[in-house]
Amino acid sequence: RNRSSLKYETKSSYVVTKTKKQISLKQIFTSTGQMVTEFEYFFYDNSVLENITFTASGNITMKSNAFRNSYGLKNVKFTNAEHVIIEDDAFRGCHFMESFDFSKVSYLGESTFTDCKHLNNVVIPDRLIEIPKRTFMNCSYMNTFTFGKNIRKIHDEAFYNCSNLNTIEVPESVHEV
């Protein structure tokens with residue numbers, strides 16, 4: 001499978017390559033014309049892409065390793081999605097990621113943002129009910145984290161080695177840490 005380019009459409013067709021620094025994705029199609037809503041190894045090991053905005057409506061799933069080790073990725077936004085599902089390791093190793101729009105996220109897998117060293121000012125939406133194992137491990141620049149009001153469980157090592165996160169307010173809704 002060719003991981004370096006996919007065809008996608010907005011008002012006209014383009015080819016997304018590993019050389020673009022910023023893209024906005026509305027509808028994405030495989031070379032056979034099938035619409036893509038689940039992204040696995042989508043930009044794995046990409047060092048050029050810095051900003052990505054998903055403008056598609058409906059549900060979007062970031063499968064395991066979708067953007068893993070995309071070292072240059074700094075910002076991710078979802079403008080029209082109803083639910084965003086992020087599976088294990090999807091953004092792991094995106095060392096320079098600074099911001100991520102969590103507002104549409106309804107599920108987080110394990111180690112989703114492990115080693116996203118520059119991720120900061122995280123605000124978890126009310127729709128999430130747990131923080132899985134190692135989700136934010138080694139996010140060493142993170143100094144602000146806000147839980148949604150429905151968080152029930154925080155798993156092992158969720159914030160391991162978040163050395164700048166000095167204080168964290170655990171909401172009353174949390175029943176298991």
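Position 1 is the first residue of the sequence, and the numbers go up from there.
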- Message: Taking side-chain contact (heavy atoms from CB on, under 4.5 Å) as the criterion, tell me which of I131, N121, L119 meets it with F145.
- Response: I131
- Test side-chain contact (heavy atoms from CB on, under 4.5 Å), reference I151, set I129, V174, V170, output is V174
- Query: Salt-bridged, E176 to K153, with N to O below 4.0 Å?
  - Reply: yes
- Query: For the ring pair Y160 and F136, is the centre-to-centre distance below 6.0 Å?
  - Reply: no
- Item | N/O donor-acceptor pair under 3.5 Å between N164 side chain and S140 backbone | yes
- Query: How about F102 and F78: are their ring centroids closer than 6.0 Å?
  - Reply: no
- At their closest point, which heavy atom of E87 faces which heavy atom of T61, and how far apart are they? OE2-CG2, 3.9 Å
- In short, S173 meets H175 closest at the heavy-atom pair O-CD2, 3.0 Å
- Would you call E110-R134 a salt bridge at under 4.0 Å N-O? yes
- Would you confirm whether N150, through its side chain, and D126, through its main-chain N or O, come within 3.5 Å as a donor-acceptor pair? yes
- Side chains of K104 and P125: does their closest heavy-atom pair fall under 4.5 Å? no
- Message: Tell me whether the rings of Y141 and H118 are parallel (<30°), tilted (30 to 60°) or perpendicular (>60°).
- Response: parallel
- Message: Between K117 and M142, is the side-chain contact (heavy atoms from CB on, under 4.5 Å) condition met? List the steps.
- Response: CA-CA 8 Å; K117 297 181 184 302; M142 183 186 304; over 6 Å; no
- Item | Candidate list S111, S70, C116, S64, test side-chain contact (heavy atoms from CB on, under 4.5 Å), partner R92, passing option | S111
- Item | Nearest heavy-atom neighbours spanning F159 and L165 | CD2-CD2, 3.9 Å
- Message: Rounded at 0.5 Å granularity, tell me how far CD1 in I60 sits from CD1 in I86.
- Response: 10.0 Å
- Query: Would F100 and F113 count as a close aromatic pair, with their ring centres under 6.0 Å?
  - Reply: yes
- Message: Tell me whether the rings of Y71 and H95 are parallel (<30°), tilted (30 to 60°) or perpendicular (>60°).
- Response: parallel
